Enquirer: 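Starting off with a structure, shown below.
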Amino acid sequence: MLLVIGGTAAYHLRLEAHGHVVETCQVVTPWGMAPPIHRLSVPEGTVVWFASRHGEGRLTRSAAFVNHRALLWAAHVLEVDGILTWNGVGAIHPLLRVGDLVVPDDLLDWTRVRTARFGRSPAQRWSGPFWPAGRKAIVAAAHDAGETRLFDGGTYVVTEGPRLETAAEIEAAALAGADVVGMTLAPEVWLAAELGLPLASLCVVTNRAAGTAWRDERRDFSARVAHRALGVLLRAAAMLTSPEEP
Ligand code: HPA
């Protein structure tokens with residue numbers, strides 16, 4: 001079964017709008033309590049695990065304070081087969097606007113003090129940070145859902161937070177090849193890789209990055225972001241788990 005990790009605005013979600021919550025697991029790990037993980041059964045027949053990275057009901061852990069090790073370890077304990085996640089991002093690439101979707105294919109890790117390993121031996125195979133089949137399914141699912149502003153590929157730069165970046169930092173990230181900026185995909189993807197869990201991300205542009213807001217002043221961290229992202233990821237999960245479409 002796949003795990004969907006909810007990012008921006010997942011704390012505003014009404015999961016019942018998407019399916020039936022069959023059970024909820026509260027996993028205690030060597031790194032503390034993981035957030036609640038719900039088994040969600042959607043009307044079309046897909047069943048996934050779902051967890052909100054930043055808390056439930058309200059934002060309880062902002063990006064820099066997420067306990068990634070607890071959540072990823074819980075995924076390992078529940079024997080999930082792969083992870084689909086959504087991440088709200090600031091747009092760096094000049095063409096990106098608020099509301100656009102990006103399925104990143106590379107990562108620049110500019111975090112400094114986060115723990116990015118469990119201390120087990122590193123994963124044996126390494127084909128880049130993101131799960132190719134997961135990415136492909138997210139792109140196909142977004143098209144199916146009628147999304148038109150979707151970018152297949154892009155580099156996500158991960159910053160340490162909790163503060164936002166300076167304009168100079170964003171300019172440097174742009175020169176380094178970054179298209180979007182966020183604070184959550186690392187160490188999440190490194191920890192998943194260490195446990196042998198493939199992971200793919202759907203990034204939703206919530207704002208233009210520091211110093212570039214003149215291109216689009218809007219900001220959207222509303223529940224709409226979460227419902228839209230979860231809808232796409234549930235379609236992607238159905239594609240990845242249906243026997244006709246391996
Ligand atoms: N910077 C860092 N993380 C973010 C941003 C941003 O502009 N927007 C959403 N997550």
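Quick caveat, the model's predicted, so the values are computed rather than measured. All ligand and atom numbering here is 1-based and tracks the order in the structure.
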Enquirer: Under 4.0 Å between a side-chain nitrogen and a carboxylate oxygen: does that hold for R39 and E23?
Expert: yes

Enquirer: For atom 8 (N) of ligand 1, which protein heavy atom lies nearest, and how many Å away is it?
Expert: N207 OD1, 2.7 Å

Enquirer: Would you compute the distance between atom CG of L191 and atom CG of L195 and round it to the nearest 0.5 angstrom?
Expert: 7.0 Å

Enquirer: Report yes if A209 has an N/O atom closer than 3.5 Å to an N/O atom of ligand 1; otherwise report no.
Expert: no

Enquirer: Between E188 and H68, is there a donor-acceptor pair closer than 3.5 Å when you use the side chain of the first and the backbone of the second?
Expert: no

Enquirer: Can you tell me which portion of V181 lies within the under-4.0 Å heavy-atom range of ligand 1? Options are side chain, backbone, both, or neither.
Expert: both

Enquirer: Students should be able to answer this: which protein heavy-atom is nearest to atom 10 (N) of ligand 1, and at what distance?
Expert: G88 O, 3.4 Å

Enquirer: Give yes if a backbone or side-chain nitrogen or oxygen of E165 is under 3.5 Å from a nitrogen or oxygen of ligand 1, and no if not.
Expert: yes

Enquirer: Below 30° counts as parallel, above 60° as perpendicular, anything between as tilted: where do the rings of Y11 and H54 land?
Expert: perpendicular

Enquirer: Among all protein non-hydrogen atoms, which one is nearest to atom 5 (C) of ligand 1, and what is the separation to 0.1 Å?
Expert: G90 N, 3.5 Å

Enquirer: How far apart are the C-alpha atoms of E56 and H12, what are their side-chain angles, what is the distance that settles it, and do they pass the side chain to side chain donor-acceptor pair (under 3.5 Å) test?
Expert: CA-CA 7 Å; E56 294 191 358; H12 294 318; over 6 Å; no

Enquirer: Closest non-hydrogen protein atom to atom 9 (C) of ligand 1, residue and atom name please, with distance?
Expert: T206 OG1, 3.4 Å

Enquirer: Just need the protein heavy atom nearest to atom 3 (N) of ligand 1, so name the residue and atom and give the distance.
Expert: G182 CA, 3.4 Å

Enquirer: Do L96 and L107 sit in one hydrophobic cluster, given that two such residues count as connected whenever their side-chain heavy atoms are within less than 4.5 Å of each other, even indirectly?
Expert: yes

